[in-house]
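Working notes for the structure below.
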Amino acid sequence: MMACQDSNKEMSDIPISPDFINDNGDKIIISDSVFRIYKSIVSRVSNETTAQEIPFFLLGNRRIIDGESCIIIDKIILDMENALSETHVSTNVEDFTKLVKNSDYDVVTIGHTHGNVSEEMKNNTLARTLPDDIKSKYQIRDTGLNISIADIWQHEAFKQIASQNGNKEVLQTIIMYNGDVISMGSTNISKSNNIQTVLSNGEIITINTDSVNQYSTGKTL
């Protein structure tokens with residue numbers, strides 16, 4: 001904040017590199033159908049002409065598979081009506097509350113995309129305008145490839161809503177235009193570094209969770 005106090009930026013705009021966030025040990029497996037939608041989302045938001053922040057919900061359950069706790073995500077719900085602009089998004093509280101009360105799932109994820117916005121917009125962001133020494137120290141990536149303080153605040157607010165309406169795990173997932181998937185845990189500021197999908201033919205694909213943590217097993221996207 002001291003570095004940008006002379007600008008018109010808000011604290012909520014401060015970028016946080018996913019490379020700087022600790023691994024929470026969660027293993028997340030997304031279904032083949034969710035994976036196909038994920039690929040179409042990345043294709044859309046990587047194009048600056050369609051780089052909206054698109055809100056969505058992911059639904060799943062925590063299961064024990066071969067003695068290991070895993071979160072199985074088998075449904076995604078896109079909310080195009082609340083895709084407000086390239087840099088702003090709204091999550092429908094009423095829809096979220098209904099999902100929290102749904103007994104079919106014990107994990108509910110709020111989510112949105114970070115698109116590849118125009119160079120003109122990027123040049124006006126903190127990811128571009130912060131001093132180089134700060135960007136290097138905190139491993140801040142280019143615009144659209146970080147999370148923000150606002151993302152963390154939103155996650156905390158929705159966890160509070162969920163606690164008043166049931167006993168669900170509430171995650172937050174951000175799909176970035178380079179294909180990275182940042183899945184924030186339900187208890188603290190941490191993320192999963194192990195996200196995979198199993199295709200209908202049995203092939204296992206590991207999805208990038210940032211530029212540093214990539215698994216070597218299977219095929220990596």
Side-chain angles (χ1 to χ4, degrees), residues 18 21-41 53-82 89-114 147 150-176 180-200 202 204-210 213 215 217-218 221:
I21 300 173
N22 291 330
D23 179 13
N24 59 21
D26 276 341
K27 180 176 182 179
I28 298 175
I29 301 174
I30 66 173
S31 68
D32 193 351
S33 60
V34 172
F35 179 68
R36 289 196 298 269
I37 296 174
Y38 153 80
K39 290 199 297 182
S40 68
I41 288 173
E53 285 206 7
I54 303 169
F56 57 84
F57 298 106
L58 296 173
L59 303 174
N61 293 286
R62 187 175 284 276
R63 295 285 183 263
I64 302 298
I65 299 178
D66 296 331
E68 182 180 19
S69 177
C70 303
I71 297 173
I72 311 298
I73 300 295
D74 59 21
K75 188 173 183 179
I76 183 170
I77 302 172
L78 300 178
D79 184 10
M80 298 302 297
E81 290 184 1
N82 285 301
V89 70
S90 174
T91 299
N92 190 302
V93 175
E94 182 178 350
D95 287 348
F96 173 76
T97 303
K98 290 178 181 177
L99 292 172
V100 167
K101 293 179 178 179
N102 186 333
S103 61
D104 293 338
Y105 302 98
D106 52 42
V107 177
V108 178
T109 298
I110 61 171
H112 62 277
T113 60
H114 281 182
I147 67 168
D151 293 331
I152 292 175
W153 286 348
Q154 182 192 44
H155 190 193
E156 292 301 316
F158 276 82
K159 286 196 291 185
Q160 182 63 30
I161 294 170
S163 70
Q164 298 168 357
N165 291 278
N167 187 30
K168 307 275 186 175
E169 282 192 69
V170 178
L171 311 185
Q172 176 169 217
T173 298
I174 299 170
I175 298 175
M176 298 178 171
D180 284 0
V181 176
I182 311 304
S183 182
M184 306 289 289
S186 61
T187 57
N188 51 35
I189 301 175
S190 61
K191 67 182 180 69
S192 169
N193 284 342
N194 189 353
I195 304 177
Q196 300 179 347
T197 185
V198 180
L199 302 183
S200 57
I204 297 174
I205 295 179
T206 299
I207 297 173
N208 288 351
T209 58
D210 58 45
N213 294 297
Y215 285 72
T217 56
L221 294 185

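Other residues, nucleotides and ligands place no more than 12 heavy atoms under 6.0 Å from the CD atom of Glu94. Heavy atoms of other residues, nucleotides or ligands lying less than 6.0 angstrom from NZ of Lys75 number 12 at most. The local environment of CG in Asn167 is sparse, with at most 12 non-hydrogen atoms from other residues, nucleotides or ligands closer than 6.0 Å.
Proximity of Asp79 to Ile77: side-chain heavy atoms (C-beta onward) are nowhere separated by under 4.5 Å. Residues Met184 and Ile21 are in side-chain contact: their nearest non-hydrogen atoms beyond the backbone lie under 4.5 Å apart. Using a 4.5 Å heavy-atom threshold, the side chains of Ile207 and Tyr38 count as touching. Residues Ile41 and Leu78 have side chains in contact (heavy-atom distance under 4.5 Å, counting atoms from C-beta outward). Residues Asp74 and Tyr105 are in side-chain contact: their nearest non-hydrogen atoms beyond the backbone lie under 4.5 Å apart. Looking at Ile30 and Leu58, their side chains never come closer than 4.5 Å, going by heavy atoms from C-beta outward. Taking 4.5 Å as the limit, every side-chain heavy atom of Asn22 sits out of range of all side-chain heavy atoms of Asn24. Residues Thr97 and Ile161 form a side-chain contact, since some pair of their non-hydrogen atoms from C-beta on lies under 4.5 Å apart.
The distance from atom CD of Glu68 to atom CD1 of Ile29, rounded to the nearest 0.5 Å, is 7.5 Å. Between atom CD1 of residue Ile28 and atom CD1 of residue Ile71 there is a gap of 5.0 Å, rounded to the nearest 0.5 Å. Atom CG in Leu59 sits 9.0 Å away from atom NZ in Lys168 (nearest 0.5 Å). Atoms CG and NZ, from Asn165 and Lys98 in turn, are 12.5 Å apart once rounded to the nearest 0.5 Å. Rounded to the nearest 0.5 angstrom, Ser40 OG and Phe35 CZ are separated by 10.5 Å. Taking NZ of Lys159 as the reference point, atom OG of Ser186 lies at 6.5 Å (rounded to 0.5 Å).
Checked options Thr91, Thr109, Ile76; the residue passing with Phe57 is Thr91 (criterion: side-chain contact (heavy atoms from CB on, under 4.5 Å)). Under the side-chain contact (heavy atoms from CB on, under 4.5 Å) test applied with Lys27, the options Ile195, Asn193, Asn194, Ile72 reduce to a single match, Asn194.
Here the side chain of Ser192 pairs a donor or acceptor atom with the backbone of Asp26 at under 3.5 angstrom. In this structure, the side chain of Asn61 engages the main chain of Asp106 through a donor-acceptor pair within 3.5 Å. The backbone N or O of Val170 lies less than 3.5 Å from a partner atom in the side chain of His155, making a donor-acceptor pair. Of the possible donor and acceptor atoms, one in the side chain of Thr113 sits under 3.5 Å from a partner among the backbone N and O of Ile54.
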Audit row: Val34, Thr197, side-chain contact (heavy atoms from CB on, under 4.5 Å) steps and yes/no: CA-CA 9 Å; Val34 172; Thr197 185; over 6 Å; no
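The two atoms that bring Ser69 and Ile64 nearest to each other are CA-CD1, 3.7 Å, heavy atoms only.
Side-chain contact, His112 with Asp151: a donor N or O sits under 3.5 Å from an acceptor N or O.
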